Every structure is written in structure tokens, then in C-alpha cells.
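First the structure, in the form of C-alpha cells, and then the observations on it.
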Amino acid sequence: MEENNKNEITEETSSEQQATPEVINEGKAPKKIRNAALFKRGGYSVAVTAAVLAAIILLNVLVGALADRVNLEYDISSSKNNSISNENAEFIKGVKDGVAVTVCAKKEDYIGNYMLSDAYQRYNVSDSSALEYFKQTVNIIDKYGSLNGDIDISYVDTQDPSFTEISSKYANEKLNYGDIIVSSSGGGAERHRIIKFSDVYELADESGYASYGYGSYTIGSNNIETALTSAIAYVTSSETKKIALLTGHSSSDYTTDFVAVLRTNNYETEAVNDSMITSVSDEFDAVVIAAPTVDFMDSELDALSRFLENGGSCGKGLMYFADASNPHLPNLSKFLSKYGIIEEEGILFQTDSRYHTEDSPATMGIYPAGDDSLTENMNYCITGYNVPLKISSETPDGVTLTEILTTAEGTVKAPLGAASDWTGYTDEDKGSYSALIQAKISSDEAENASYIMAFGSVEYIMSDWTEYSNLDNMDIALLSAERASGADSSAYSFVAKKITNESYADSVTASGMALVRFVFMFLLPAAAIVVGIYVYIKRRNA
């Protein structure tokens, strides 16, 4: 009996001893249960990690897609070098017609050495800091598409076969690498404008010798915002200006090249070859007189005056291109003097060899005279057979006179027919003459002004110099036509963007820098350590 009880006790004890290790061994759950719990927690962690990674990937995809439609960048530069002005942005947002902005270069090439190499070859710009301006241009162009979904931005490789279609479409234009084509067909027929390198970048001659060929230029400022917004304003305008070419008093038609440029820029032109002008229809916005060889009668000049006055409403224009190789026309000169523009007899010679071509002192450089918007992006012109022009010492009533272009100092007035080696002048005769004079005619009753744009030479629109991309002969003629006809788009004027070497750190205060240093060097690392310790302890006790 006792033996049986002992055996039962022994069996019970053995049973308990066999069960005890898994139940009470170091306070842990059974291995099978513990593994299940670990798997559950591990599976949960893996699921959470996978979900977070999927969310991050999805967020990147969404942000990438959104960035194509909305500008997600924030400009932290102190001068907002990569931002569009508020006035400009509001105008761009309000554009309703579809606009295509085509850059004649691949994006990566425009902001790289390809563009820099082209700038050196065509404009003698060799400073690598120009790359910052090229990047800035691309940044700002892309923001136009972000502001308005109807503005399509594209970059086309000029070596790609697809560019052939573009160059054929704009065969009348002299497209260069990096040019920007802005076009719109919102009004029916397409209107377009080509933005050139010189329209975007203002060159600076820091050495003072680049203009003489002994150095190179740098880029001083970026005018892409002004140029691009003005172009968009132009191509989305439904207004078409009409210009009359008064060719009846000229022995030859000097306007062929000018007409091609005007028509390319969506002007209507009509030749009026009457030898006697009795009136000028008010359907025209401006008239052009180029190198006349036969003088005008008083009645014809009265008709021109009536056209400019426009019944008291003004808003008309006259462009006059002189030619010193033609006879002096006293009646026409008297007409110009009525508006304060003095045309003298003779031909201009430049005595300083730095400012005329090697073989001809009569062929000289022409430069901006002031800060007029017509010349704000201008380099210079070269013209010959310049007629001496000056602004009258007495300004007529209702007329405002402005010297737009001028010759360099050292210019003298030579008699007609003078040989290239003519030296019949003294130092007192040397000076500067007007090359383009603007007479603005206005009245209290007129909402708009009329303009006379008097050029000293016809070679702004008819000469080999118009073919040179670094010269502005035809450019200033076209801009003058815009002003004379009332199509001047300079109303859309925005501050040029200028990049400096100033960094973001330079633009914050000392206290701001201390705060940034504290946050990134102490606060964030300390927070990361605390979180790490917490997670470790939590997992250890789990």
C-alpha cells in the first residue's frame, strides 16, 4: 500500500517535473507559442514597412506628376532670381489661347557646354559663369508651363530630324542655336515671335576691350522674363497692324528685306507707289519712306501731317530712312524740322578708327543714346551713308523729342562726294550726331500719341549688315515699327533678373544662422537618439 502510494507520488512528481520546464523556465512562454507571437509581430512589422515603402513610392510618383503641372519649387535666393514677378504671373495665368514655347536646344545642352560654346562663337562670351544664367533661363521658362497649362514648353535638338520641320516652317527666320520660338494660333492664323540670345542676355564688357576684339564679354543680367512675356502678349493678341510703304518718290525699292521681316511678324504691308500723294488712308497705322530721291510737294507733306494728326486722335506713325548718297530734299527736311528733327546736308565720317570699318570712315558703329526701352537689349548697329541729324534747339508745341541712337564721339560732317581719305576738319568739328530721333506728337484730346522715327541711314533695313546676328540693324527698325504703329509691346516690362555670387547663407541673419545650426547639429540628432533608445527598450521588454 505504502509502496503503491510511493509510486503514485513518484509518478505525479515526475509528471510535474516533466511539465515544469516549459511552463516556468525563466518566465518564458512555450517555444511554439513564442515563435507564433514573434512571427505575428514580425509579419506585422514587415507589412507596416512594406506599406510605408509603397506610400513613399506612390508619393514620389504623385509629386513627379504634380511637378509637371504645378510649380513645387520655392525660391530661397534673396533677390528671387528664379521667380516670376507677381504682375507677370497674373498676366500668364490669364492667357486663354494655347501658346507653344519651343527652345531650339535640348534642355541638358542649353544649360551645359553646348550653349556656352555657341555663346563664345557667336557673341564672344567665354566666362563659365554664363552657365548660371542659362540654368536660370530654363528654370524660369519651365515655370510658365506650371503657371498655365495652355502654355506648352518643349526643347528640340537642332540635330534631330524633327527639327527640319520647324526650320522649314520658319524658313524666313534666321534661327540660331538656343533661339526660343513663341507661337499661338488662338486667333486663327498663327502669330509667332523669335526670342534671340541678345533679347535674353545683357552683355557686359568688364575688361573694356571686348568690343575691340581684345577680350571677351560676360553676361550681366537675364531678361528672359521680359522677353518671354512680351512675346506671349504679342502672339496672343488678335490685333494686326497695317503699314503703307510710300515708294513713289524713291528710284529703287529699299524695303524688300524690311517687308519680309514685317510680314513675318504679322504686319500687313501695302506699297503705295503714287508719284503724287493726296491723302493717306486712316486704315494704315504707319507709313514708311525709305531713301527718297525726289522731293515731296507741300500738298503731299500736308497729307502726311493730317495722317499723323488723325483728326486730333493721333495714334499714327511715320518711319523715315535717309540716305546721304541721294540728293538733299529741302521740302522734306522742312517738314521734319516742323516736328523738331533737323536734317543737314552732307555725310557723316568717323575720325576714330575704333568706331568705323577698316576701309571706310563713312561706315560706322551706331550706339544707344539713353535708357529708352527700344534699346534696352540692344548691342549696336553698323551703317554707312549717314545723314547728319540733330534735335532742334526749340521744341515745337505738343512734341517730345528723344535721341534713340547716336554716333560715337569723333564724328564729323563731310561734304557730299568726299573721298574716304578726306581730312578737311579740325578737332573742334568732332562730336556726336543723332542716328535715330523720335518725335512724339500728342495733344490733350488724344488718348494715344503719333510718332515720327527718323533714321540717319537706310542701311538699317537694306544692307549686308542686316545679315549679322550680333548687329541690331533690323531689330531696331522692327521695334521702331512697333512703336510707330502702336504695336509696341513694351508695356509688359519686368525687372531683369541678375544673378550674383550671393548665397542663401549670406542672406540670413546671425540669429537665423544660429537657429539653423542648433536645429540641424543638435536638436535633430538628439531627437533621433532618444527615439532609438525608446524603440530599443520597447523591443527588449516585448
Side-chain angles (χ1 to χ4, degrees), residues 61 64-71 84 92 95-123 125 130-131 133-201 222-225 227-237 260-261 263-266 467-470 474-475 478:
V61 172
L66 190 61
D68 292 334
R69 297 179 176 272
V70 180
N71 177 28
I84 296 177
I92 295 302
V95 172
K96 303 300 182 183
D97 297 328
V99 176
V101 178
T102 305
V103 183
C104 298
K106 291 195 297 184
K107 181 183 290 190
E108 58 268 30
D109 292 344
Y110 192 99
I111 61 177
N113 290 327
Y114 279 93
M115 188 66 178
L116 188 63
S117 175
D118 186 77
Y120 174 70
Q121 293 177 11
R122 289 197 292 125
Y123 300 102
V125 175
L131 290 172
Y133 287 96
F134 300 155
K135 293 176 184 177
Q136 183 193 36
T137 295
V138 168
N139 287 339
I140 292 178
I141 288 175
D142 288 347
K143 285 180 171 61
Y144 279 72
S146 300
L147 287 170
N148 190 326
D150 290 326
I151 298 178
D152 178 60
I153 311 295
S154 62
Y155 297 81
V156 181
D157 185 359
T158 56
Q159 301 301 317
D160 192 272
S162 63
F163 187 75
T164 303
E165 181 179 350
I166 296 176
S167 58
S168 299
K169 182 177 181 180
Y170 302 104
N172 292 330
E173 300 282 2
K174 300 182 180 70
L175 289 177
N176 292 313
Y177 185 86
D179 283 353
I180 303 168
I181 307 169
V182 183
S183 62
S184 176
S185 302
E190 181 191 281
R191 295 168 68 92
H192 73 272
R193 175 166 288 178
I194 310 298
I195 300 176
K196 298 290 188 179
F197 185 95
S198 57
D199 297 324
V200 177
Y201 304 108
N222 190 334
N223 302 310
I224 181 59
E225 185 179 357
L228 185 51
T229 300
S230 297
I232 291 174
Y234 172 75
V235 301
T236 55
S237 172
V261 171
R263 289 180 176 172
T264 296
N265 284 273
N266 302 292
E467 302 294 326
Y468 288 78
S469 60
N470 62 325
M474 192 66 81
D475 300 82
L478 178 59

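Since the structure is predicted, the reported quantities are computational estimates derived from the model, not experimental observations. Both backbone and side-chain heavy atoms feed into the values below; hydrogens, waters and symmetry mates do not.
Atom-to-atom distance recorded for S230:OG and I195:CD1 is 8.5 Å, nearest 0.5 angstrom. Taken to the nearest 0.5 Å, the CD1 atom of I111 stands 11.5 Å off from the NZ atom of K106. To the nearest 0.5 Å, atom CD1 of residue I140 and atom OG1 of residue T229 are 9.5 Å apart.
Here the side chains of S154 and T102 are in contact, with some heavy-atom distance below 4.5 Å. Looking at heavy atoms from C-beta onward, V156 lies out of side-chain contact with V103 at the 4.5 angstrom threshold. Side-chain contact between I141 and I180 is present, with at least one heavy-atom pair separated by less than 4.5 Å. Using a 4.5 Å cut-off on side-chain heavy atoms (C-beta onward), Y177 and D109 make contact.
Looking at residues two or more places apart in sequence or on another chain, you find a ring-ring contact (aromatic ring centres under 6.0 Å, His included) between Y170 and H192. Taking Y468 as the reference, W465, N470, L471 meet the side chain to side chain contact (heavy atoms under 4.5 Å, CB included) condition, with sequence neighbours excluded. Applying the side chain to side chain contact (heavy atoms under 4.5 Å, CB included) criterion to Q121, with sequence neighbours excluded, gives S117. Scored by the side chain to side chain contact (heavy atoms under 4.5 Å, CB included) test, T236 finds V95, D97, V99, S184, I232 as partners (sequence neighbours excluded). For D142, the salt bridge (Lys or Arg N to Asp or Glu O under 4.0 Å) criterion is met by K107, not counting sequence neighbours. Qualifying side chain to side chain donor-acceptor pair (under 3.5 Å) partners for K169, counting only residues two or more places apart in sequence or in other chains: E190. Every salt bridge (Lys or Arg N to Asp or Glu O under 4.0 Å) that D179 has, sequence neighbours left out, goes to K196. Looking at residues two or more places apart in sequence or on another chain, you find a side chain to side chain donor-acceptor pair (under 3.5 Å) between D118 and R122. Under the rule for a side chain to side chain donor-acceptor pair (under 3.5 Å), the partners of Y201 that lie at least two apart in sequence or sit in another chain are Y110, T137. For T164, there are no side chain to side chain donor-acceptor pair (under 3.5 Å) partners, not counting sequence neighbours. Contacts of Y120 classified as side chain to side chain contact (heavy atoms under 4.5 Å, CB included), with partners at least two apart in sequence or in another chain: N124, S126.
Listed for the Y144 side chain is a donor-acceptor partner under 3.5 Å among the backbone atoms of E225.
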Quiz item: Is there a side-chain hydrogen bond (donor to acceptor under 3.5 Å, both in side chains) between Y123 and S198 once you walk through the steps?
Solution: CA-CA 9 Å; Y123 300 102; S198 57; 5.2 Å; no

Practice problem: Might you work through the side chain to side chain contact (heavy atoms under 4.5 Å, CB included) test for I181 and L175, ending with a clear yes or no? | Solution: CA-CA 9 Å; I181 307 169; L175 289 177; 4.1 Å; yes

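Counting only residues at least two apart or in different chains, salt bridge (Lys or Arg N to Asp or Glu O under 4.0 Å) contacts with residues 144-155 are absent.
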